[in-house]
Number of protein chains: 2
Amino acid sequence: MQSETHGEFPALKERLAHFPVRCRSAGLKVTQQRLAVYSMLAGTVSHPTPEEVFEAIRGGLPLLSLATVYKILDQFQRAGFVRKVSTEGQAARYDAKVEPHHHMVCTACGAIQDIQLPSEPDLAQGLSAESGFQVARYDVIFHGLCGACRKAGRGQP
Amino acid sequence: MQSETHGEFPALKERLAHFPVRCRSAGLKVTQQRLAVYSMLAGTVSHPTPEEVFEAIRGGLPLLSLATVYKILDQFQRAGFVRKVSTEGQAARYDAKVEPHHHMVCTACGAIQDIQLPSEPDLAQGLSAESGFQVARYDVIFHGLCGACRKAGRGQP
DNA sequence: GTGGCTGCAAAGCTTTTGCATGTTC
DNA sequence: GAACATGCAAAAGCTTTGCAGCCAC
């Protein structure tokens, strides 16, 4: 119990323990690089870019290449281990929390936070019939000022 | 009345007629390039990329440069004339419809459609207090199969 | 042993930038 | 005429690709 910070989603230890199993189920071999990428992502809430993941783990894997990190993140996303967060600009950002939730993007500092809406209606309901579109999932992205930037007076010139 | 296709938002003619005024209010000079970019965007519902805008209007402006289109789209977005639609990959896409609405992205063909939710609760309500985040706006992006791809059986192997 | 994975380098796209020239107001 | 826009070319990011050698299974 002590390794759970908020009790919000599976504890880090448990997720790491299951990782090899999940890899094999997905037809992916368990390598040091994949372990390192997943551990890093699972241990942060900062939604890092591929470059940031690379910088964070290259200490333990001196020969690691950024291209490998890109490939691994892409495989993880398609296997459902991680989520790629739509960011309107620049580099992609990844999130190891795959449970349904949304995101807030700070317009001043660019930080991304997870958002769990307390009670959320199913927005997709009724859409399919009306438009012929078959909704598989949807993302909500909130834009605004994060707590830190608001206190610092940033973003309101 | 005849130029309105659906009555959903201001007619094309009217929007074009107001364009010079809006430009000057925003401190932007009225140039042929800006007119061409805005007309093209206002006359489509396909959410084109900068490249597509460029290709569509270069016929009438032989010397037009893609860099100019990028600059103009960026200015338009900051002036509130157009919206930049967050697309998880590749090139940015722009929308001349700025009235509140959401988007559907087809996972098979990549097409983007506007979505007007019939009745939508304010998702941002209650968020600020809880998280310290000050929400300015939010976007909803639906992912799934568009009508055409669904009929064609694409996207479901 | 074999198929898949990694590392490296190079290429591919999208987007931005600097600057001389041209245009709007 | 002054300030701002454009066009061009070059550069800067981010991401993908091809391939030889290496590793997990």
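Below, read A as the first sequence line, B as the second, and so on, with proteins coming before strands; counting in each chain starts at 1.
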K.L.:
About how many Å separate CG of A:Leu28 and CZ of A:Phe19, when rounded to the nearest 0.5 Å?
P.N.:
7.5 Å

K.L.:
Taking atom P of C:dT14 as reference, at what distance in whole Å does atom CG of B:Leu73 sit?
P.N.:
14 Å

K.L.:
CD1 of B:Ile72 versus P of C:dT24: gap in Å, rounded?
P.N.:
13 Å

K.L.:
Tell me whether the side-chain N/O atoms of B:Thr68 come closer than 4.0 Å to OP1 or OP2 in D:dG7.
P.N.:
yes

K.L.:
On a plain distance test, is the side chain of A:Lys71 in donor-acceptor contact with the base of C:dG4 below 3.5 Å?
P.N.:
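Flag unset: no donor-acceptor pair detected.
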
K.L.:
State whether a side-chain donor-acceptor pair under 3.5 Å links A:Asp114 with A:His102.
P.N.:
no

K.L.:
Tell me: CG of B:Leu61 to P of D:dT6, nearest whole Å?
P.N.:
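So the CG-P distance, B:Leu61 to D:dT6, works out to 10 Å.
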
K.L.:
Over how many whole Å does the gap from A:Arg24 atom CZ to C:dG4 atom P extend?
P.N.:
16 Å

K.L.:
Assess B:Arg22 against B:Phe81: is NZ or CZ under 6.0 Å from the centre of the six-membered ring, and within 45 degrees of the ring's axis?
P.N.:
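The answer is yes; both the distance and angle limits are met.
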
K.L.:
C:dG7 P sits how many Å from A:Arg58 CZ, rounded?
P.N.:
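After rounding, the reported distance stands at 11 Å.
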
K.L.:
Do A:Arg83 and A:Asp139 pass the salt bridge (charged side-chain N to carboxylate O under 4.0 Å, His left out) test, and can you show the C-alpha distance, the side-chain angles, and the key distance before you say yes or no?
P.N.:
CA-CA 11 Å; A:Arg83 255 174 83 170; A:Asp139 300 325; 3.4 Å; yes

K.L.:
Going by heavy atoms closer than 4.0 Å, what residues in residues 26-40 of chain B are next to DNA chain C?
P.N.:
B:Lys29, B:Val30

K.L.:
Going hydrophobic residue to hydrophobic residue with side-chain gaps under 4.5 angstrom, can you get from A:Leu117 over to A:Val135?
P.N.:
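Yes, same cluster.
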
K.L.:
Nearest-Å distance, CG (B:Leu66) to P (C:dG12)?
P.N.:
18 Å

K.L.:
Once you round it to whole Å, what is the distance between P of D:dA24 and CZ of A:Phe19?
P.N.:
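The answer, rounded to whole Å, is 14 Å.
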
K.L.:
Does the pair A:Arg93/A:Asp95 count as a salt bridge with the N-to-O cut at 4.0 Å?
P.N.:
no

K.L.:
Looking only at side-chain N and O atoms, does B:Lys71 offer a donor or acceptor that is under 3.5 Å from a partner on B:Gln33?
P.N.:
no

K.L.:
Taking atom C1' of C:dT21 as reference, at what distance in whole Å does atom CG of B:Leu63 sit?
P.N.:
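B:Leu63 atom CG is separated from C:dT21 atom C1' by 12 Å.
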
K.L.:
With the side chain of A:Tyr70 defined as its heavy atoms from C-beta on, choose the nearest nucleotide among D:dC14, C:dT15, D:dC25.
P.N.:
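Between D:dC14, C:dT15, D:dC25, the one nearest the side chain of A:Tyr70 would be D:dC14.
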
